[in-house]
Amino acid sequence: VRIGAYTIIHADVDIGPASIIESHCVIGNPTPRAGGAPLVLGQNSHVRSHSIFYQGSTFGEGLITGHQVMVREQIRAGPGLQIGSQANLEDGLKIGDYVRTQSNVFIPQGTRIGNYVWIFPNVVITNDPHPPSDFFLGVDIGEFAAIGANATLLPGISIGANALVAAGSVVTRDVPAGMVVAGNPGKLLRPAAEIEHRDGSGKGVYPWPHFFTRGYPDSVTVGWAEAPPEK
Amino acid sequence: VRIGAYTIIHADVDIGPASIIESHCVIGNPTPRAGGAPLVLGQNSHVRSHSIFYQGSTFGEGLITGHQVMVREQIRAGPGLQIGSQANLEDGLKIGDYVRTQSNVFIPQGTRIGNYVWIFPNVVITNDPHPPSDFFLGVDIGEFAAIGANATLLPGISIGANALVAAGSVVTRDVPAGMVVAGNPGKLLRPAAEIEHRDGSGKGVYPWPHFFTRGYPDSVTVGWAEAPPEK
Amino acid sequence: VRIGAYTIIHADVDIGPASIIESHCVIGNPTPRAGGAPLVLGQNSHVRSHSIFYQGSTFGEGLITGHQVMVREQIRAGPGLQIGSQANLEDGLKIGDYVRTQSNVFIPQGTRIGNYVWIFPNVVITNDPHPPSDFFLGVDIGEFAAIGANATLLPGISIGANALVAAGSVVTRDVPAGMVVAGNPGKLLRPAAEIEHRDGSGKGVYPWPHFFTRGYPDSVTVGWAEAPPEK
C-alpha cells in the first residue's frame with residue numbers, strides 16, 4: 001500500500017494490498033456512528049488526493065475515486081465502485097457491484113443503488129419528502145440504469161433497471177424499467193431501446209451493455225454483447 | 001481549542017473556547033477586503049477538514065461545518081449556523097440564527113438569509129440579473145423558509161417566510177410567505193400548509209417547526225410545537 | 001514564485017515568474033496521458049489552496065483560480081483564464097483568452113470555449129449523447145457568450161457568440177448568436193439585445209462588452225465600449 005504525503009490514516013482502517021492512497025487525505029475519520037466498525041477498502045483500491053473516508057464503511061476490491069470526495073460511515077459497496085471527484089456520499093448507502101458515479105454527485109442516506117448503475121456529474125438525489133423532517137424515503141436505482149448530468153431525483157422514487165434519466169431532469173415519479181424520462185417535472189418519453197446511436201449507423205444503444213464494456217472485467221461482461229440485460 | 005494536523009491558522013483569528021478545527025484547513029486567510037477585521041468563530045464551533053475561512057467574517061457560537069467548505073470575508077452570521085460539505089459562501093452575506101445549509105450550496109454576495117432557514121444540497125443562488133455586470137440584486141430568504149435540493153434562485157427575488165421551494169425549481173419571481181413553488185420557471189402551487197405528512201397520518205407538515213425541532217436548543221424551540229410561526 | 005505550505009510540486013512543471021501557488025495544492029500530478037508534456041502556468045498566475053493541476057496542460061499568463069479546483073491534462077488555455085472554486089475541468093479542453101468560470105462548474109472532454117466566455121456557478125456541460133458510451137460530442141461555446149448558473153448543456157450543441165443561457169436552463173439544441181435561451185427544455189426567447197438594464201435607464205445590456213470591462217486589460221477592451229462585438 002502506498003500512502004501520499006500529508007495524509008492521515010486513523011486507527012480502525014483495513015486497506016487491501018496493492019492499494020494507493022494519495023496525498024492530503026483523511027482515511028478512517030472516527031465517528032461514534034460507525035459503531036466501532038473499521039473502514040474496509042478492498043485490494044487494488046485507489047483513493048485520489050484530498051479525499052475523506054469515514055470509519056465504518058466497507059468497499060469491495062478495485063475502488064477508484066477522483067479527488068476531494070467525501071464518503072461517510074455505514075456504507076456497503078460491492079467491487080469496482082468508481083466515485084467521481086468532489087462527490088459526496090452520505091452514510092448508510094447500499095451500493096451494488098461496479099457502480100460508477102462521475103463528479104460532484106450527492107447521494108443521501110437511504111439511497112439503494114443496483115449493480116452497474118451510472119450516475120453522471122452533479123446529480124442530486126434526495127430523501128426527505130417534506131423537508132426538513134425526520135421522515136426519509138430513499139431512492140431506489142435499478143441495475144444498469146443511467147442517471148444523466150444535473151438530474152434531481154425526488155424522495156422515494158424508483159428508477160427501473162435499464163432506465164435512462166435525461167440530463168437536467170427533475171424526476172418526481174417512478175420510472176419503469178427501460179424507459180426514458182426527461183424534463184421538469186420529468187415525463188416518460190419512450191423506451192430507451194428506441195434511441196439510435198448518433199454515429200448514424202441506425203443501431204440501437206440501450207440497454208447499453210450490448211455495446212459498452214470499457215473498464216469492466218471480462219468475468220462481468222461475458223455475454224453482455226450477445227444478450228444484453230432484460231428491460 | 002483543538003487544531004488538526006496540516007491546518008494553517010493565520011493572524012487576526014479569534015476562535016471561541018471549546019472549538020475544534022480539523023486537519024488540512026486554512027483559517028483566517030488574509031484579504032485586504034476584510035478591512036483589517038479578524039475572523040471570529042464563536043465558542044463550541046466545529047470546522048471539519050479541508051475547509052477555508054477568510055479573515056473578516058463573524059460567526060456566532062456553535063458553528064458547525066462539513067468538510068471542504070469555502071467561506072469568504074465580511075459575512076455576519078448568528079449562532080448555530082450549519083454549513084454543508086463543499087458549500088461555497090461568498091463575501092458580505094447576512095445570515096440569521098440557526099440557519100442550516102446542506103452540501104455544495106452556492107450563496108453569492110448580497111444574499112440575506114433569515115433565521116431558521118434551510119438550504120438543501122446543490123442549491124444555487126444568483127445575484128446578477130444580466131450577467132456579467134456590476135449591478136447586483138441580492139436574494140432575500142425569509143424565516144423558516146426551506147429551499148429544496150438543486151433549486152436555482154434568480155437575482156433579486158424574495159422567498160417569503162415559511163415558503164417551500166421544491167427540489168429542482170428555477171425560481172424567477174417572488175414567492176409569498178407560506179407558499180410552495182415548483183418547476184422551471186417556478187410556479188406557485190399551493191399553500192405549504194396543505195401538504196400532508198407522508199406517514200399517512202393526514203397531519204399537516206408546514207410550518208415545519210410544529211413538528212421538527214431536532215438539534216435546536218430548547219431556548220429556541222420553546223413554543224414551536226404549540227404555536228408554529230405565522231405564515 | 002511563492003509556494004504555500006503542504007503543497008506538492010511534481011517534476012515536469014514550468015511556473016512563470018511572479019506566480020503564487022497557495023497551500024495544500026498538488027501541482028503537476030503525473031499521468032501517462034500527459035505524454036510526457038509538462039504543466040505550464042504562465043507568469044503572474046495565482047492558484048488558490050487545495051487545488052489540483054495535472055501534468056501536461058498549458059495556461060497563458062495571469063491564470064487565477066479559486067480554491068479546491070481540479071484541472072486535468074492536455075488542456076490548452078489562453079491568457080487571463082479565471083477558474084472558480086471547486087470547478088472541475090477535464091482533459092483536452094480548448095479554452096480561449098480571458099475566459100471566466102465561476103465556482104463548481106463541470107467541463108468535460110471535447111468542450112471548446114471561445115474568447116471572453118463566462119460560465120456561471122454550477123453549470124454542467126456534457127459530452128455523451130447516449131451515456132454511457134465511447135461516442136463523444138463536444139459542446140462549442142462562442143465568443144462573449146454567457147452561460148447562466150446551474151444550466152445544463154447537452155452534448156454536441158453550439159452556443160453562438162454573444163448568446164445568453166438563462167440560469168437553470170437545460171439546453172438541448174443549438175443557440176444562435178446573440179439569442180437568449182431559457183427553460184427545460186431550453187426555448188429561444190428573444191435577442192439578448194432586447195434586454196434592458198435593471199437600473200431603470202432603459203439602456204440595453206447585451207452584447208455585454210459595451211458596458212462591462214472590469215478586470216480585463218486595456219489592450220483587450222479598447223474599442224469595446226464604442227463598437228461592441230457583432231452578434
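First the proteins, then the strands, lettered A, B, ... as listed; each starts at 1.
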Is it the backbone or the side chain of B:Leu137 that comes under 4.5 Å from a heavy atom of chain C, or both, or neither? side chain
Do you know the tightest heavy-atom contact between C:Ser49 and B:Val26? OG-CG2, 4.3 Å
What is the minimum heavy-atom distance between B:Gln86 and C:Gln86, and which atoms define it? O-OE1, 3.1 Å
What verdict does the side chain to side chain contact (heavy atoms under 4.5 Å, CB included) test give for C:Trp208 and B:Ser133, after you've listed the backbone C-alpha separation in whole Å, the side-chain angles of each residue and the deciding distance to 0.1 Å? CA-CA 8 Å; C:Trp208 57 262; B:Ser133 82; over 6 Å; no
Could you check whether atom CG of C:Asp218 has more than 12 heavy atoms from other residues, nucleotides or ligands sitting under 6.0 Å from it? no
How about CZ on B:Arg76, more than 12 heavy atoms from neighbouring residues, nucleotides or ligands closer than 6.0 Å, or not? yes
Residue pair C:Asn150, B:Asn150: steps toward the side-chain hydrogen bond (donor to acceptor under 3.5 Å, both in side chains) verdict: CA-CA 8 Å; C:Asn150 214 11; B:Asn150 213 10; 3.2 Å; yes
Taking atom CZ as the centre, does C:Arg173 end up with more than 12 heavy-atom neighbours from other residues, nucleotides or ligands that are less than 6.0 angstrom away? no
Count the heavy-atom pairs under 4.5 Å between each of C:Val205, C:Val170, C:Thr213 and chain B, then report the option with the highest count. C:Val205
Any donor-acceptor pair under 3.5 Å linking the side chain of B:Asn184 with the backbone of C:Gly168? yes
With a 4.5 angstrom heavy-atom cut-off, is it the side chain or the backbone of C:Arg100 that approaches chain B, or both, or neither? neither
Are C:His197 and B:Phe135 near enough that their ring centres are under 6.0 Å apart? yes
Minimal heavy-atom distance between C:Phe211 and B:Pro132, with the atoms involved, is CZ-O, 4.1 Å
Shorter than 4.5 Å, heavy atoms on both sides: which option in B:Leu154, B:Thr152, B:Thr172 has the most such pairs with chain C? B:Thr152
Where does B:Ala5 contact chain C at under 4.5 Å (heavy atoms): side chain, backbone, both or neither? neither
Indicate yes or no for a side-chain donor-acceptor contact from C:Gln68 to the backbone of B:Gln68 under 3.5 Å, with no hydrogens or angles considered. yes
Could you pull out the closest heavy-atom pair between C:Ser85 and B:Met70, with the gap in Å? OG-CE, 3.7 Å
Nearest heavy-atom neighbours spanning B:Pro131 and C:Phe120: CB-CZ, 3.3 Å
Side chain B:His130, main chain C:Arg198, donor-acceptor under 3.5 Å: yes
If you measure from CG on C:Asn122 to CG on B:Asn88, what distance do you get to the nearest 0.5 Å? 8.5 Å
Side chain, backbone, both or neither: which part of B:Val69 has a heavy atom under 4.5 Å from chain C? backbone
Tell me whether C:His24 contacts the main-chain N or O of B:Tyr6 through its side chain, where contact means a donor paired with an acceptor under 3.5 Å. yes
Would you check if C:Asn104 and B:Asn104 make a side-chain contact, meaning some heavy-atom pair closer than 4.5 Å? yes
So, B:Tyr54 versus C:His67, ring centres under 6.0 angstrom or not? yes
Can you tell me how far CD1 of B:Ile107 sits from OG of C:Ser103, rounded to the nearest 0.5 angstrom? 11.0 Å
Under 4.5 Å from any heavy atom of chain B - which part of C:Glu196: backbone
Answer key: most heavy-atom pairs under 4.5 Å with chain B among C:Pro209, C:Gly183, C:Ala146, C:Ala149 is C:Gly183
